[in-house]
2 protein chains.
Amino acid sequence: MEDILTLQKKIIPEMTEILEKRYNILRNIYYNEPIGRRTLAGNLGIGERIIRTEVNILKKQGLLEIKSVGMNVTEDGKIIIDQLKGFIHKLKGLTNLEESLQQKLKIKKIIIVPGDFDKDDFIKKDVGKTAAEFIKNTIKDNNIIGITGGSTMASVADAMPYNTKLKDILVLPARGGIGRNVEMQSNNIAARLAKRLDGSYKLLHVPDNINKEALNTLLQVEEIRELVDMLKKMNALIFGIGRADVMAKRRKLSEELLTDLLNKGAVAESFGYYFDIDGEIVRESSTVGITLDDFKKIKTVIGVACGSEKAKAIKAISSLKKDIVLVTDEGAAKEILNMVK
Amino acid sequence: MEDILTLQKKIIPEMTEILEKRYNILRNIYYNEPIGRRTLAGNLGIGERIIRTEVNILKKQGLLEIKSVGMNVTEDGKIIIDQLKGFIHKLKGLTNLEESLQQKLKIKKIIIVPGDFDKDDFIKKDVGKTAAEFIKNTIKDNNIIGITGGSTMASVADAMPYNTKLKDILVLPARGGIGRNVEMQSNNIAARLAKRLDGSYKLLHVPDNINKEALNTLLQVEEIRELVDMLKKMNALIFGIGRADVMAKRRKLSEELLTDLLNKGAVAESFGYYFDIDGEIVRESSTVGITLDDFKKIKTVIGVACGSEKAKAIKAISSLKKDIVLVTDEGAAKEILNMVK
DNA sequence: ATACTAGGGACTATTTTTGTCCCTCTTGTT
DNA sequence: AACAAGAGGGACAAAAATAGTCCCTAGTAT
């Protein structure tokens with residue numbers, strides 16, 4: 001198997017790029033169908049005519065259909081996309097990349113999805129799908145699963161297939177809601193994930209960054225205390241990884257605090273904590289939810305993040321726990337490798 | 001494995017021809033090294049410039065070297081050629097072709113080598129090599145092996161690797177020598193094969209087509225009788241398949257006999273017999289050697305022939321014996337399939 | 001009704017590929 | 001020693017493929 005690929009790469013070195021080009025086109029159509037030639041060309045940053053040529057080949061192969069409303073992927077095409085994903089993974093040597101990163105970061109497992117989110121927005125969907133698949137195969141009946149917020153977590157939840165045959169899954173938001181787009185809040189995402197897993201969920205109606213008094217008051221509330229207790233019994237946590245600076249701005253930290261944070265070397269943010277590159281806590285948001293100690297005790301923790309600009313953040317988070325599972329994209333992975341070299 | 005190939009063929013349909021083109025170039029260089037650009041272009045019937053482009057790619061990949069004496073394949077390249085052979089076999093769906101031909105011809109096994117001898121002389125070498133490999137893996141210590149004459153058998157013998165670790169192999173010429181190029185006579189070929197198998201051989205010094213009286217006299221000779229007896233104990237026979245018309249002319253049969261032969265439907269010639277398309281004997285050369293009855297009793301018989309023009313002859317021979325093994329090329333195989341369809 | 005985006009056609013510009021010839025060098029033969 | 005044959009590399013024009021661009025008509029959603 002591996003032999004065949006090295007063989008092919010030797011004798012047809014140009015194969016990889018052709019394959020990748022067509023894969024990208026097919027995938028992009030799939031995510032946007034029905035889509036027109038020009039829009040697609042814009043998306044991919046390729047000339048309209050090139051799209052046309054490639055699309056004609058793919059059409060001839062029966063992988064897509066061209067109608068007056070636009071192009072769409074056929075059933076055959078969908079199968080191919082799926083198979084191609086794994087194939088490109090091997091072709092690009094991502095398996096090797098995974099192994100070397102696992103060693104360098106000293107973590108249990110890293111899953112790398114081909115592509116770079118910084119160059120292609122749809123990579124987030126792929127990353128989400130990959131993470132969802134891994135989670136599906138990891139969790140068991142009666143498990144309690146925690147999930148954080150953010151767009152990446154949203155794509156994980158939305159990529160989870162229905163009919164997983166899992167029973168009595170309980171999904172919890174790992175932290176209080178962050179005050180922005182409802183769709184991206186952990187509460188909302190937990191509910192969506194629960195629905196797909198045919199399980200139940202509980203909500204945590206607590207704002208971020210409230211003062212200590214208010215926090216203590218909230219913790220008196222039976223409902224909230226119960227949930228916080230349950231959080232400690234969590235079997236698996238799925239969490240997003242953010243850049244410290246980006247998250248601080250999003251949370252509208254004061255200019256003063258932000259500068260302080262960055263001076264202290266904060267590069268990553270996850271479940272309410274800011275970490276420096278070595279995984280040391282730089283700042284802790286005062287909010288209800290999972291704590292770092294809880295985090296370290298959870299059996300399965302799955303961090304998901306994509307885009308090369310998140311490389312530092314991912315590196316930081318990877319030092320928190322040895323048996324962490326990371327799902328990321330090729331862009332981030334390569335950047336991390338550059339850093340640790 | 002099969003999946004990967006169908007996947008690739010779906011998304012990069014042009015891959016097959018690129019691969020075949022480069023394989024042909026590489027192989028041709030290998031068989032002729034050192035060879036120049038223009039000679040190579042002539043061999044393959046491709047433009048000089050195309051060769052140049054392709055050769056540069058292959059050179060870049062480290063598969064061949066270009067020196068002022070000409071081009072030659074590197075060690076890496078040789079490995080690639082070998083791997084490529086099997087790969088192209090699968091890519092071209094020859095495995096399927098083999099299976100359907102085995103069914104249609106109702107024979108034990110057919111091995112098809114990619115390419116067409118009628119278009120590329122070097123295919124005979126490939127066929128020979130493939131047959132030699134099969135034989136090597138089939139025969140056992142102390143076996144008695146028979147081999148006929150002809151250029152195809154010569155390439156089988158010359159492609160047999162040394163150091164087969166087989167012990168006490170005895171190679172016999174299956175029939176008396178045919179009066180042409182010594183190199184292609186069964187005696188000579190038997191000796192060459194024996195040498196490679198680190199075994200012994202015996203010679204059969206009997207001309208083809210002698211009259212009955214002379215034949216009987218010869219059979220009185222102790223040495224010859226002994227050999228003929230040994231022929232009947234043969235464990236394996238490797239034989240070439242010829243076209244009736246071509247062989248008849250080569251043996252200088254009278255115009256009269258030739259016409260008669262063809263009128264009776266002779267299409268194939270092997271070990272002294274002329275057969276029609278159904279494998280019925282049309283004529284028997286009077287000579288010393290293996291008989292059709294002997295042939296039917298031999299455990300392993302391996303027929304080797306290549307080139308689409310031999311399709312009919314191969315088809316005829318295939319009806320002689322159910323557990324025959326045929327080694328041929330793609331050209332002949334496809335032609336046979338057309339015939340039996 | 002209308003504005004928008006779709007695919008297909010068509011033409012040109014550009015790039016790549018291909019054919020060809022020349023030059024010089026190496027090698028084997030005379 | 002001379003020479004012929006065949007080698008690779010350079011160079012360039014012709015040819016072909018590829019790519020950019022715009023137009024046109026047809027559906028679709030508003």
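Just so it is clear: chains get the letters A, B, ... in the order the sequence lines come, proteins before strands, and each one is counted from 1.
An OP1 or OP2 oxygen of dA6(C) is reached within less than 4.0 angstrom by a side-chain nitrogen or oxygen of Thr39(A).
When distances are taken from the side chain of Glu48(A) to each of dC22(D), dC21(C), dA10(C), the shortest belongs to dC22(D). Distance from the side chain of Arg38(B) is smallest for dG8(D) among the nucleotides dA10(C), dG8(C), dG8(D). Picking from dG9(D), dT28(D), dC22(D) the nucleotide with the shortest atom distance to the side chain of Val69(A) gives dT28(D).
A residue-by-residue look at Gly36(A) and Arg49(A) shows that Gly36(A) has its nearest nucleotide of DNA chain C further toward the 5' end.
Straight-line distance from the CE atom of Met71(B) to the C1' atom of dG8(D): 9 Å, rounded to whole Å. In this structure, the NZ atom of Lys60(A) is 15 Å from the P atom of dG8(C), given to the nearest Å. Summarising the geometry, the separation between CD1 on Ile51(B) and C1' on dA7(D) is reported as 15 Å, rounded to the nearest angstrom.
In this structure, Asp158(A) does not pair ionically with Lys125(A), as no charged nitrogen and carboxylate oxygen lie closer than 4.0 Å.
Counting all heavy atoms, side chain and backbone alike, Ile112(B) lies closest to Leu94(B) at O-CD1, 4.0 Å. Contact detail for Glu33(B) and Val73(B): the closest heavy-atom pair is OE1-N, 2.7 Å.
Counting distance only, with no hydrogens placed and no angle test, the side-chain atoms of Arg52(A) and the base atoms of dG9(C) include a donor-acceptor pair under 3.5 Å.
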**Message:** Does Glu330(B) form a side chain to side chain contact (heavy atoms under 4.5 Å, CB included) with Lys92(B)? I'd like the steps, not just the answer.
**Reply:** CA-CA 10 Å; Glu330(B) 193 185 345; Lys92(B) 283 187 158 191; 2.4 Å; yes
